Number of protein chains: 2
Amino acid sequence: MKLSKTSEYALRILIYMAKKPADLYTAKYLIEQLHVSDKYLRRLMTELSKAGFIKSTQGRDGGYTFAKPINEISLYDIIDSVESMDKLNDCVLGFNECSCTNPCAMHDEWLVIRQKLNKIFHETKLSDLDFEHVLRY
Amino acid sequence: MKLSKTSEYALRILIYMAKKPADLYTAKYLIEQLHVSDKYLRRLMTELSKAGFIKSTQGRDGGYTFAKPINEISLYDIIDSVESMDKLNDCVLGFNECSCTNPCAMHDEWLVIRQKLNKIFHETKLSDLDFEHVLRY
DNA sequence: AATAAATACTACTTATTTGTAGCATATTAA
DNA sequence: TTAATATGCTACAAATAAGTAGTATTTATT
Ligand code: SF4
Ligand code: SF4
């Protein structure tokens with residue numbers, strides 16, 4: 001019952017960048033600040049670029065910066081881009097076909113949970129986070 | 001963002017048994033009904049026994065039956081016994097030390113989510129599930 | 001044009017989770 | 001007391017996720 005490491009990294013990186021959303025960040029700098037393994041972070045940055053959250057500039061003086069306003073990036077979008085958020089909406093019991101007319105015993109309970117989860121992950125944008133009291137990333 | 005396979009199996013098995021909570025179920029029968037791999041189910045049953053949800057009777061005419069009333073078994077307890085539910089309460093960002101006086105940027109958002117999740121998983125007992133419309137397990 | 005500083009790509013290694021096989025142990029009943 | 005029918009245990013195998021290494025490519029500065 002958790003996010004994957006990859007999602008954690010993606011969130012930490014983008015949240016860190018969201019503090020000063022107009023800046024350009026190099027991989028090297030992010031690695032130092034966030035203590036994420038070099039190659040893993042770089043691979044992830046490429047994924048996040050392809051997903052459209054950030055854009056990369058190659059070559060000297062290059063780096064990463066946001067590709068769109070951070071109030072348009074939800075936590076849902078971030079997680080969904082690196083591990084499928086469908087998993088959250090998939091059946092808890094691992095059935096691959098389900099409908100409300102063909103439910104299992106957990107249906108009602110799970111529906112409530114997943115609706116709330118979806119709502120909060122969807123509604124929370126990078127810009128909504130509280131950076132005032134932040135002491136760590 | 002999901003439960004482990006093992007949790008799924010644990011839930012499916014116990015929910016299936018909860019439909020007729022006084023019955024004795026053999027591993028063989030559960031395997032047939034739930035289409036879970038033989039050895040994996042048996043190993044899991046032993047875990048669930050040790051966790052105190054069910055008790056096993058060895059030997060001929062043996063099997064598994066509930067060790068306590070099903071209104072005392074929450075979904076939280078079940079999942080927590082096979083994969084740590086602590087993971088849910090751990091930091092989303094993978095930090096291993098956190099307190100409310102030392103928060104990160106996601107703190108406020110995540111707190112709301114995890115409180116709701118905890119509440120619903122804790123409050124839902126096996127006996128609360130809707131078996132009326134159940135067509136599958 | 002050469003150099004420095006950055007990202008992009010491909011293949012490999014390690015760790016974790018999931019699944020399998022085989023044998024040991026326990027209990028009942030003929 | 002032996003056969004049948006259960007569960008219990010230990011070690012191994014396969015699949016997936018996480019992390020690492022090395023090389024290629026891009027671009028501004030000199
Ligand atoms: S109704 Fe049951 S089978 Fe369908 S998604 Fe919900 S938990 Fe899964
Ligand atoms: S405050 Fe931040 S670091 Fe602490 S648990 Fe919440 S998300 Fe994790």
Side-chain angles (χ1 to χ4, degrees), chain A residues 1-13 17 23-67 79 81-87 90 93-94, chain B residues 1-13 17 23-67 79 81-84 86-87 90 93-94 96:
Chain A
M1 193 64 213
K2 56 161 189 178
L3 299 174
S4 66
K5 283 274 182 196
T6 308
S7 293
E8 287 177 10
Y9 291 156
L11 287 169
R12 281 176 62 196
I13 293 163
M17 291 175 65
D23 286 12
L24 184 82
Y25 298 85
T26 65
K28 194 181 172 194
Y29 176 76
L30 290 171
I31 288 159
E32 282 165 6
Q33 296 299 308
L34 299 171
H35 310 104
V36 178
S37 124
D38 184 320
K39 301 300 168 120
Y40 210 73
L41 179 135
R42 302 183 107 97
R43 192 164 68 187
L44 186 48
M45 294 310 273
T46 307
E47 274 188 67
L48 294 174
S49 300
K50 286 180 178 166
F53 303 123
I54 54 178
K55 58 191 169 201
S56 67
T57 319
Q58 279 195 333
R60 187 171 167 158
D61 298 344
Y64 305 94
T65 190
F66 279 106
I79 299 169
S81 74
V82 293
E83 67 176 303
S84 176
M85 258 306 212
D86 288 345
K87 282 178 190 165
D90 280 353
L93 306 185
Chain B
M1 194 63 210
K2 54 160 189 178
L3 299 173
S4 68
K5 283 275 181 195
T6 309
S7 291
E8 286 177 10
Y9 291 156
L11 287 170
R12 282 175 61 196
I13 293 163
M17 290 174 65
D23 286 11
L24 183 82
Y25 298 85
T26 65
K28 194 182 171 193
Y29 176 76
L30 290 172
I31 288 159
E32 282 165 7
Q33 297 298 309
L34 299 172
H35 311 103
V36 177
S37 119
D38 185 320
K39 300 300 167 120
Y40 209 73
L41 179 136
R42 302 183 108 98
R43 191 164 68 189
L44 185 49
M45 294 310 273
T46 306
E47 275 188 66
L48 294 174
S49 300
K50 286 178 178 166
F53 303 123
I54 54 178
K55 58 193 169 199
S56 67
T57 320
Q58 280 196 333
R60 186 173 167 158
D61 298 343
Y64 305 94
T65 188
F66 280 106
I79 298 168
S81 74
V82 293
E83 68 176 303
S84 176
D86 288 345
K87 283 179 191 165
D90 280 353
L93 306 186
N96 40 17

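The sequence lines fix the lettering, A, B, ..., with proteins before strands; numbering per chain opens at 1. The structure presented is a predicted model; accordingly, all values stated were derived computationally and were not measured.
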Q: State which residues pass ring pair (Phe, Tyr, Trp, His ring centres under 6.0 Å) with B:Tyr9; sequence neighbours excluded, sorted by chain then number.
A: B:Tyr40
Q: Describe the nucleic acid contact of B:Lys55 in one word from base, sugar-phosphate, nothing, applying a heavy-atom distance below 4.0 Å.
A: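 Since no nucleic acid heavy atom lies under 4.0 Å of B:Lys55, the category is nothing.
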Q: Under 4.0 Å between a side-chain N/O of A:Tyr9 and OP1 or OP2 of D:dG19, yes or no?
A: yes
Q: Can you tell me if B:Tyr64 touches the phosphate of D:dG8, counting only side-chain N or O atoms and a distance under 4.0 Å to OP1 or OP2?
A: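 Looking at the OP1 and OP2 atoms of D:dG8, one of them is under 4.0 Å from a side-chain N or O of B:Tyr64.
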Q: So what does A:Ser49 touch, heavy atoms closer than 4.0 Å: a base, only the sugar-phosphate, or nothing?
A: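 Contact class for A:Ser49: none.
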Q: Please state whether the phosphate of D:dT7, meaning OP1 or OP2, lies under 4.0 angstrom from any side-chain nitrogen or oxygen of B:Ser56.
A: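 So the side chain of B:Ser56 is outside the cut-off, no N or O lying under 4.0 Å from OP1 or OP2 of D:dT7.
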Q: Between D:dG19, C:dT20, C:dT7, which one does the side chain of B:Tyr40 approach most closely?
A: C:dT20
Q: Does B:Lys2 have a side-chain nitrogen or oxygen under 4.0 Å from the phosphate oxygens OP1 or OP2 of C:dT17?
A: no
Q: On DNA chain D, compare the nucleotides closest to B:Arg43 and B:Ala27; which residue's is nearer the 5' end?
A: B:Ala27
Q: Just how far, in rounded Å, is P of C:dT7 from CG of A:Leu44?
A: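 Checked: the CG to P distance equals 13 Å.
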Q: Starting at atom CG of A:Leu24, determine the distance to atom P of D:dT27, rounded to an integer number of angstrom.
A: 14 Å
Q: Answer with base, sugar-phosphate or nothing: what part of the nucleic acid does A:Tyr29 contact at a heavy-atom distance below 4.0 Å?
A: nothing
Q: Can you figure out which of D:dG19, C:dT7, C:dA21 approaches the side chain of B:Lys39 most closely?
A: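 Comparing D:dG19, C:dT7, C:dA21 against the side chain of B:Lys39, the answer is C:dA21.
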Q: For A:Thr6 and for A:Gln58, find the nucleotide of DNA chain D with the closest heavy atom, then tell me which residue's nucleotide is more 5'.
A: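 Its nucleotide being nearer the 5' end, the pick is A:Thr6.
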Q: Any N or O donor-acceptor pair under 3.5 Å from the base of D:dG8 to the side chain of B:Arg42?
A: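 Looking at the base of D:dG8, it does not pair with any donor or acceptor on the side chain of B:Arg42 (distance under 3.5 Å).
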Q: Measuring from the side chain of A:Thr46 (C-beta onward, heavy atoms only), which nucleotide among C:dC9, D:dA6, C:dT18 has the closest atom?
A: C:dC9
Q: Shorter than 3.5 Å, N or O on both sides, protein versus nucleotides 2-5 of chain D: list them out with atom names.
A:
from, atom 1, to, atom 2, distance (Å)
D:dT5, O2, B:Arg60, N, 3.2

Q: Would one find a side-chain N or O of B:Lys5 under 4.0 angstrom from OP1 or OP2 of C:dT16?
A: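 For C:dT16, OP1/OP2 do not have a side-chain N/O of B:Lys5 under 4.0 Å.
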Q: Applying side-chain hydrogen bond (donor to acceptor under 3.5 Å, both in side chains), which residue pairs with at least one partner in residues 49-67 of chain A are found, sequence neighbours left out?
A: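 Those involving residues 49-67 of chain A do not exist here.
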Q: Indicate whether OP1 or OP2 belonging to C:dA6 is found under 4.0 Å from a side-chain N or O atom of A:Thr26.
A: no
